[in-house]
Trainee: 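Please find one structure pasted underneath; my questions will follow.
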Amino acid sequence: MRLYNTLTRREEDFAPSQGRTVRMYTCGLTVYARGHIGNFRTFVATDVLRRALKHQGFEMRHVMNFTDVDDRTILESQKAGVPLREYTSRFIEAYLEDAVALGLEPVEENPRATDDENIAAMGETIKALERNGHTYASDGSIYFKISTLPDYGKLAHLDHTGIKSGARVDSDKYEKEDARDFVLWKATKADEPTWDPGIGPGRPGWHIECSAMALRLLGEPPIDIHAGGVDLIFPHHENEIAQSEGATGQQFSRFWVHVEHLMIEDEDQGTEKMSKSLGNVFNLADIVERGFRPSALRYLYLGTHYRKQLKFSWTAMGQAEEALKRITDFLARVDALPAAAERAADATAESTPSEAIAGKLAQASSAFAAHIADDLNTAAGLGVLFDLVRALNTAIDTGELGAADAPAVRAAFETFDKVLGVLALRRVEDERPPVPIDEIERLIEARKAARLARNFAEADRIRKDLDARGILLEDTGSATRWKRK
RNA sequence: GGCGCCGUCGCCAAGUGGUAAGGCAGAGGUCUGCAAAACCUCCAUCCCCGGUUCAAAUCCGGGCGGCGCCUCCA
């Protein structure tokens with residue numbers, strides 16, 4: 001597996017440092033609002049990474065956190081008049097629902113920053129930093145002193161002298177010795193949640209939770225992979241490195257994987273990234289409200305390489321939906337093959353799998369695997385699927401592909417989907433159609449009878465009725481299939 | 001102002017030296033009670049200018065345009 005490493009700015013061969021288990025940490029959501037589709041682009045990308053690594057035979061130990069304490073969560077919970085923990089729990093639940101809807105595999109650990117053991121771990125990390133001389137106290141807060149770490153900035157590659165005019169350095173924190181020093185443990189006001197893990201009362205700074213939780217849950221540094229959105233490179237990940245390496249004296253993470261932004265057209269601003277602070281966000285619920293399925297959104301994510309900005313639009317959503325249908329329609333056609341074969345009068349030579357088909361499948365499988373192993377090129381991988389779909393459709397037309405080949409075809413697509421995770425998601429959605437399945441089947445029978453009686457008016461009425469309720473009927477030669485719109 | 005990324009068919013999007021994947025839309029056709037759906041076929045020389053090379057979308061230089069980070073942020 002070739003993986004681009006932000007630390008070295010190069011693609012490198014990836015393998016875990018300890019045995020076959022990949023120890024990976026993903027920066028998750030700050031839970032003061034429902035995650036938007038930009039957030040989920042990152043989460044789907046790391047899900048694909050996770051699946052790809054598993055597919056290569058590695059075990060995963062994957063941690064993804066919830067940031068459930070920071071300025072915003074505190075502010076919003078106070079506004080809502082709800083205790084912080086209870087307030088953030090709502091958005092954690094919402095996240096978990098969206099994650100299922102988008103086909104994200106559950107990760108091994110979903111720690112919350114305010115869990116007792118994590119607060120304790122932060123205390124230990126800060127104590128270690130104090131012992132190593134990386135901290136100073138000021139106005140009741142504890143800060144990280146950047147000048148004590150010579151290679152600070154190695155991830156972001158930010159030239160200190162470059163942070164000058166034009167850059168907005170927060171200037172109201174005069175209690176810091178250096179503008180770039182950052183807070184580890186923050187003094188709290190009377191009405192704010194406060195903890196004291198042996199370092200004095202306060203609350204976590206933004207970065208400390210990830211260092212502490214990653215080290216607590218993933219074992220000896222360095223961990224194998226640390227992932228997140230590109231906007232986290234600086235300052236968040238740079239500071240995580242400073243904290244973790246300052247505390248342990250060892251490299252924090254071997255690979256840093258960053259997912260590019262999801263971009264959206266704004267009427268006034270032009271194209272810009274989707275973010276809560278810009279207020280141009282759509283949630284999964286908004287997608288569904290517009291009549292699109294989560295599987296189509298997942299497909300849309302997969303269609304652009306994770307290190308390139310993804311241009312989101314409702315047009316692109318619709319195109320993703322249609323493209324995904326092309327694959328699922330093909331699979332439905334393959335599933336319908338046995339029935340067709342049984343009817344065929346000359347069902348004699350149709351029982352042996354074709355070597356030519358097996359060859360096409362093997363070729364596509366290895367091409368697909370190569371693209372995934374090439375820094376997760378899912379977009380190119382999808383291209384392989386479509387090439388295969390066309391070739392196999394033609395093979396069905398010519399009779400070269402028969403019912404005997406169906407299991408092999410299905411198996412090949414199952415393998416693709418182990419990484420993509422989009423076809424299985426579709427199937428789950430299809431199990432809950434807008435009209436109950438038994439009713440659909442009853443109506444199909446009624447329509448069949450009407451057609452046999454050449455009562456086409458009634459047949460069309462049934463079809464239109466189902467169509468209006470989101471169910472499409474397709475008459476094939478032998479039978480009538482249905483699918484969700 | 002600093003650092004970095006990007007600009008490929010109407011739309012989305014692969015491709016980083018060897019002569020332009022794929023999807024959507026569109027056009028034509030097959031199938032069909034009509035239709036829908038589905039399937040097949042067709043459909044680009046890569047923002048501009050200059051350079052390197054036998055050969056460039058791919059490398060170098062200069063433009064123009066877009067975006068990100070430097071501040072909370074996936």
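Proteins come first, then strands; the chains are lettered A, B, ... in the order of their sequence lines, and each starts at number 1. Values in this document were obtained by computation on a predicted structure and should not be read as measured data.
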Trainee: Looking at A:Arg326, I'd like to know whether one of its side-chain N or O atoms comes within less than 4.0 Å of OP1 or OP2 on B:rC39.
Mentor: yes
Trainee: Across the strands shown, which category fits A:Leu324 at heavy-atom distances under 4.0 angstrom: base, sugar-phosphate, nothing?
Mentor: nothing
Trainee: Watson-Crick or G-U wobble partner for B:rU53, using a 3.5 Å limit on both distances?
Mentor: none
Trainee: Under 6.0 Å from the ring centre and within 45 degrees of the ring axis: does the NZ or CZ of A:Lys276 meet both conditions for the six-membered ring of A:Tyr32?
Mentor: yes
Trainee: Would you kindly check whether a donor in the side chain of A:Asp475 faces an acceptor in the base of B:rA35, or vice versa, at under 3.5 angstrom?
Mentor: yes
Trainee: For A:Met263, which contact category applies under a 4.0 Å heavy-atom criterion: base, sugar-phosphate, or nothing?
Mentor: sugar-phosphate
Trainee: How close or far is atom C1' of B:rG7 from atom NE2 of A:His305, stated in whole angstroms?
Mentor: 17 Å
Trainee: Would you say A:Thr30 reaches B:rA74's phosphate, i.e. side-chain N/O to OP1/OP2 under 4.0 Å?
Mentor: yes
Trainee: Round to the nearest Å and state the distance from A:Leu473 atom CG to B:rC34 atom C1'.
Mentor: 15 Å
Trainee: Both A:Leu382 and A:Arg454 contact RNA chain B. Which one's nearest nucleotide lies toward the 5' end?
Mentor: A:Leu382
Trainee: Reckon A:Lys276 has a side-chain N or O less than 4.0 Å from the OP1 or OP2 of B:rA74?
Mentor: yes
Trainee: Under 4.0 Å between any heavy atoms, over every strand shown, what does A:Ser277 touch: base, sugar-phosphate, or nothing? Just pick one.
Mentor: base
Trainee: Measure CD/A:Gln319 against P/B:rC9 and give the value in whole Å, please.
Mentor: 13 Å
Trainee: Name the pairing partner of B:rU30, where a pair is Watson-Crick or G-U wobble with both distances under 3.5 Å, or state none.
Mentor: B:rA38
Trainee: For A:Arg447, answer base if it contacts any base atom (sugar-phosphate contacts may also be present), sugar-phosphate if it contacts only those atoms, and nothing otherwise; contact means non-hydrogen atoms under 4.0 Å.
Mentor: base
Trainee: Is the distance from OP1 or OP2 of B:rC67 to the nearest side-chain N or O of A:Lys273 less than 4.0 Å?
Mentor: no
Trainee: Using the C1' atom as the reference point in each nucleotide, state the distance between B:rC60 and B:rG23 in Å, no decimals.
Mentor: 34 Å
Trainee: Quick one: is A:Arg481 getting a side-chain N or O under 4.0 Å of the B:rA37 phosphate, OP1 or OP2?
Mentor: no
Trainee: Do A:Arg326 and A:Phe386 meet the cation-pi criteria used here (NZ or CZ under 6.0 Å from the six-membered ring centre, within 45° of the axis)?
Mentor: no
Trainee: Any side-chain N or O of A:Asn393 less than 4.0 Å from the OP1 or OP2 oxygen of B:rC40?
Mentor: yes
Trainee: Less than 4.0 angstrom from a charged side-chain N to a carboxylate O is my criterion; do A:Lys483 and A:Asp329 meet it?
Mentor: yes
Trainee: Take the protein atom CG of A:Asp329 and the nucleotide atom C1' of B:rC40, then report the distance between them rounded to whole Å.
Mentor: 15 Å
Trainee: Mind calculating the distance between CG (A:Asp387) and C1' (B:rA21) to the nearest angstrom?
Mentor: 6 Å
Trainee: How many Å lie between CD on A:Glu474 and C1' on B:rC34, as a whole number?
Mentor: 17 Å
Trainee: With a centroid cutoff of 5.5 Å and a plane-angle limit of 30°, would you call A:Phe386 stacked on B:rG23?
Mentor: no
Trainee: What does A:Gly38 touch in the nucleic acid at a heavy-atom separation under 4.0 angstrom: a base, only the sugar-phosphate, or nothing?
Mentor: base
Trainee: What donor-acceptor contacts under 3.5 angstrom involve side-chain atoms of residues 90-99 of chain A, with partners at least two apart or in another chain?
Mentor:
unit_1  : atom_1 : unit_2  : atom_2 : d
A:Asp98 : OD1    : A:Arg34 : NH2    : 2.7
A:Asp98 : OD2    : A:Arg34 : NE     : 3.0

Trainee: At 4.0 Å (heavy atoms only), tell me whether A:Arg9 reaches a base, stays on the sugar-phosphate, or touches nothing.
Mentor: nothing
Trainee: Ignoring hydrogens and angles, are the base of B:rG33 and the side chain of A:Asp460 linked by a donor-acceptor pair under 3.5 Å?
Mentor: yes
Trainee: Measure the acute angle between the ring planes of A:His207 and A:His236, then classify it against the limits of 30° and 60° as parallel, tilted or perpendicular.
Mentor: tilted
Trainee: Under 6.0 Å between ring centres: does that hold for A:Phe40 and A:Tyr301?
Mentor: no
Trainee: For a side-chain hydrogen bond (donor to acceptor under 3.5 Å, both in side chains) with A:Tyr306, tell me which candidate from A:Asp375, A:Thr42, A:Thr378 qualifies.
Mentor: A:Asp375
Trainee: Select base, sugar-phosphate, or nothing to describe what A:Gly35 touches, counting heavy atoms under 4.0 Å on all strands.
Mentor: nothing
Trainee: Considering every strand and a 4.0 Å limit on heavy-atom distances, what is the contact class for A:Ser275: base, sugar-phosphate, or nothing?
Mentor: base
Trainee: Does A:Lys311 make a side-chain N or O approach to OP1 or OP2 of B:rC12 shorter than 4.0 Å?
Mentor: yes
Trainee: Could you tell me whether the side chain of A:Arg463 has a donor or acceptor atom within less than 3.5 Å of a complementary atom in the base of B:rA35?
Mentor: yes
Trainee: For A:Leu232, which contact category applies under a 4.0 Å heavy-atom criterion: base, sugar-phosphate, or nothing?
Mentor: sugar-phosphate
Trainee: Can you tell me if the side-chain N/O atoms of A:Lys325 get under 4.0 Å from OP1 or OP2 in B:rA37?
Mentor: no
